[in-house]
There are 2 protein chains.
Amino acid sequence: MQGRTGRPPRTSREEILAAARALVDRDGWDKLTIRRLAGELGVGATTLYHHLRDKQDLLVQLLDHYAEQIPRPELPPDPRERIIVAAITMHDSLAGWPRIAELLTADDLIGRSALWMVDAMVGGAMDCGCTPEQAVDVYRGIWYYTVGEITVRAHAARRRATDERPVHRDVVYRSLDGAELPALAAVAQDWPRWTTKDTYRQGLRAFVSGMLAELTGAG
Amino acid sequence: MQGRTGRPPRTSREEILAAARALVDRDGWDKLTIRRLAGELGVGATTLYHHLRDKQDLLVQLLDHYAEQIPRPELPPDPRERIIVAAITMHDSLAGWPRIAELLTADDLIGRSALWMVDAMVGGAMDCGCTPEQAVDVYRGIWYYTVGEITVRAHAARRRATDERPVHRDVVYRSLDGAELPALAAVAQDWPRWTTKDTYRQGLRAFVSGMLAELTGAG
DNA sequence: GCTACTTTCGGAACATGTTCGAAAACTCCT
DNA sequence: AGGAGTTTTCGAACATGTTCCGAAAGTAGC
C-alpha cells in the first residue's frame with residue numbers, strides 16, 4: 001500500500017466527464033471542445049490528454065454513462081420477441097443520442113452497462129435453436145443494420161437542418177431516364193416521401209425472420 | 001450567346017479532381033489535404049472553395065468517378081437473385097474504397113453512374129411482387145445493412161492497423177459475469193474469431209428473404 | 001477609353017484536435 | 001537534507017478545414 005508517487009493530479013477523469021456533461025447541457029454539443037472544456041475546469045487544454053486518449057474517447061465515455069441510464073424493459077418470454085425488443089431498445093437509445101453517427105464507427109462502443117442488450121439478442125437466438133456461432137451472426141447482422149439505419153438517418157436529419165440546398169439525390173431522381181432506369185423512374189415521384197418513413201422495425205423483423213429461417217431450417 | 005463575364009478561371013473542377021486523383025495515387029490518401037492539393041495545382045488554398053463546397057464534396061466527387069468504372073455484372077433473370085447480385089456489387093465496390101466510412105454518412109452519395117444498381121434492386125423487388133413503395137423499403141433496408149457493415153468493418157480494420165492497444169470490447173468480453181450475462185459468457189471465448197468472419201452475403205440473403213416473405217405473403 | 005458589373009483569386013485569420021518537450025510537484029531512498 | 005524517479009501540468013507549436021474580404025481580371029454598355 002505504498003502511497004502513489006508523482007505530481008498529484010489536479011483533476012480526474014470523473015471530473016472531466018462531469019464537466020463535459022454540464023457543458024453540453026448548458027451550451028449544447030457544438031460548444032464541447034477540448035479547449036473550452038479545459039477552460040471550464042481551469043486547467044490547460046493539453047492536460048486533458050492525460051486523462052483521455054482523444055476527443056472520441058471522451059464522447060464514448062459520455063455515451064457509456066448515458067447507456068447506464070437506459071430503462072431496461074421487461075423482456076418477453078418468447079425468444080424471438082426478446083431479440084426484437086432488445087434490438088429496438090438499443091436502436092431507440094442510440095437514435096436519441098446527438099452526434100451518434102460519429103461514434104457508431106467505433107466498434108467497441110458498447111460498454112458494460114449496455115451489454116444486457118447484446119446478451120438478450122445472442123441468448124434469444126440460441127433459444128431459437130441457433131448454435132452459439134450462429135447466434136453471434138444474428139447479433140452482428142442486427143448491429144450492422146442498426147448502425148446503418150441510424151447513421152444514414154442522422155445524417156439526413158442534419159442535412160435538412162443545416163443545409164438549405166435541395167438534396168442532391170432528389171434532384172438526380174427527378175431527371176431520370178425512364179428507358180434506362182425504369183424502376184427508379186416509376187418510384188421517383190414518391191421517393192422523398194417514402195424514404196422519410198421509419199421502417200426500422202419492419203426491416204428488423206424481416207432480418208431476424210430470415211436469419212432464423214435460414215439457420216434453423218425453414219418450415 | 002454573350003461571352004461569359006468576370007475574371008477568367010485559372011483552374012476548373014475537372015482539373016482539381018484529376019489532380020486529386022494523381023495526388024492520391026502518388027502519395028496516398030493521407031496526403032490529400034486542401035492546401036497540398038492547391039499547391040499541386042499552383043493556386044491558393046482558398047481558391048478551391050470556389051469549385052468545391054467542402055472537402056467532403058471533393059471526396060464524393062472522387063467516389064462518383066470511381067463508381068463509373070465499376071464493371072457491370074450480368075444480372076440474372078430471377079428477380080430475387082438480381083437483387084442479391086446488385087447488392088453484392090454495390091457492397092464490394094464500396095468496401096474497396098478507402099476512407100469509405102467517412103463518406104457513407106452522406107445519403108446522397110449515389111451519383112448517376114451507380115444508379116443502375118439501385119434500379120436493379122428496386123426493380124427486382126417489384127418483379128417479386130412488391131408494390132413500388134414496398135420495393136423502396138426493401139432497397140432502403142439493404143442500403144442500411146450495407147452501410148452498417150462497411151462502416152463497422154472499415155473502422156475495425158483501421159483500428160487493427162493503427163492501434164496497438166487491445167480492442168476494448170475484447171477486454172470487456174473476457175471478464176464477463178456468467179451469472180448476469182450467460183449468453184455472452186458462453187460465446188466470449190470465440191467472439192473475436194467469429195466477428196472477423198465475412199457474413200455480409202448471408203445476412204443480405206436473410207434480409208431479402210425475410211422482407212419478401214413478409215411483404216408478398218409468406219408461404 | 002471609361003465606368004459599371006461580375007466572377008475568380010488568394011492572403012490573413014480563426015477554431016480545433018493534437019503532439020512535444022520541459023517544468024512542476026510529489027514520494028521514496030539514502 | 002538531497003538527489004532519483006515518477007506522474008501531472010501546460011505553453012508553444014503544428015496541421016487542417018474553413019470563412020472573410022479585398023484585390024485582380026475580365027466583359028458589356030456608353
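- Between B/D137 and A/Q202 the shortest side-chain heavy-atom distance falls below 4.5 Å.
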For residues 84-98 of chain B, which side-chain N or O atoms pair as donor and acceptor with protein atoms under 3.5 Å away, sequence neighbours left out?
from	atom 1	to	atom 2	distance (Å)
B/T89	OG1	B/V85	O	2.8
B/H91	NE2	B/E149	OE1	2.8
B/D92	OD2	B/R201	NH2	3.0
B/S93	OG	B/T89	O	2.7

Sub-3.5 Å pairs of nitrogen or oxygen atoms, protein against nucleotides 1-3 of chain C:
none

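- You'll find the ring centres of A/Y139 and B/W191 inside the 6.0 Å limit.
- Note that CD1 of A/I150 and OH of A/Y200 are 7.0 Å apart. Values are rounded to the nearest 0.5 Å.
- Checking C/dA24, D/dA24, C/dT27 against the side-chain heavy atoms of B/R7 singles out D/dA24 as nearest.
- Two end axes, each from the C1' atoms of five base pairs, can be drawn for the helix from C/dG1-D/dC30 to C/dT30-D/dA1; they diverge by 30°, to 10 degrees.
- Within the structure, salt bridge (Lys or Arg N to Asp or Glu O under 4.0 Å) contacts touching residues 15-28 of chain A (residues at least two apart or in different chains) are A/R26-A/E40.
- The NE2 atom of B/H50 sits 14.0 Å away from atom CZ of B/R10, with the distance rounded to the nearest 0.5 Å.
- Contact annotation: A/H51 reaches the phosphate of D/dT9 (side-chain N/O to OP1 or OP2, under 4.0 Å).
- At least one side-chain nitrogen or oxygen of B/R10 sits closer than 4.0 Å to the OP1 or OP2 atom of C/dG10.
- Inter-residue side-chain proximity for A/T47 and A/L41 is flagged as unmet; no heavy-atom pair is nearer than 4.5 Å.
- DNA chain D is contacted by A/V43, A/G44, A/T46, A/T47 of residues 40-47 of chain A, taking any non-hydrogen atom closer than 4.0 Å.
- Within residues 11-34 of chain A, the residues having any heavy atom closer than 4.0 Å to DNA chain D are, in order of number, A/T11.
- As a whole-Å value, the separation of B/Y49 OH from C/dA13 C1' is 14 Å.
- Rounded to the nearest 0.5 Å, atoms CG (B/L23) and CG (B/L32) are 5.5 Å apart.
- Rounded to whole Å, the distance from CG on A/L58 to P on C/dT16 is 14 Å.
- Using a cut-off of 4.0 Å between Lys/Arg side-chain N and Asp/Glu carboxylate O, A/D30 and A/R99 are scored as salt-bridged.
- Computed from coordinates, the B/L52 CG to C/dT8 C1' distance equals 14 Å when rounded to whole Å.
- Atom-to-atom distance recorded for B/Y66:OH and B/I100:CD1 is 8.0 Å, nearest 0.5 angstrom.
- In this model, a side-chain donor or acceptor of A/R35 finds a partner on the base of C/dG17 within 3.5 Å.
- Of the candidates A/V118, A/V122, A/D119, B/V187 forms a side chain to side chain contact (heavy atoms under 4.5 Å, CB included) with just one, namely A/V122.
- Put simply, NZ on A/K55 is 8 Å from C1' on C/dT16, counting in whole angstrom units.
- Side-chain atoms of B/D54 lie closest to D/dT18 of the nucleotides D/dT18, D/dA25, D/dT27.
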Between A/W143 and B/T195, is a side-chain contact (heavy atoms from CB on, under 4.5 Å) present by the stated rule, with each step listed? CA-CA 12 Å; A/W143 176 241; B/T195 51; over 6 Å; no
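- Using a cutoff of 4.0 Å between basic side-chain nitrogens and carboxylate oxygens, A/D190 and A/K197 are not scored as salt-bridged.
- Note: CG (B/L48) to C1' (D/dT16) measures 13 Å, nearest angstrom.
- Nucleotide C/dT19 holds its P atom 12 Å from the NE2 atom of A/H50, rounded to whole Å.
- Enclosure of atom CD in B/E133 by more than 12 non-hydrogen atoms of other residues, nucleotides or ligands within 6.0 angstrom is indicated.
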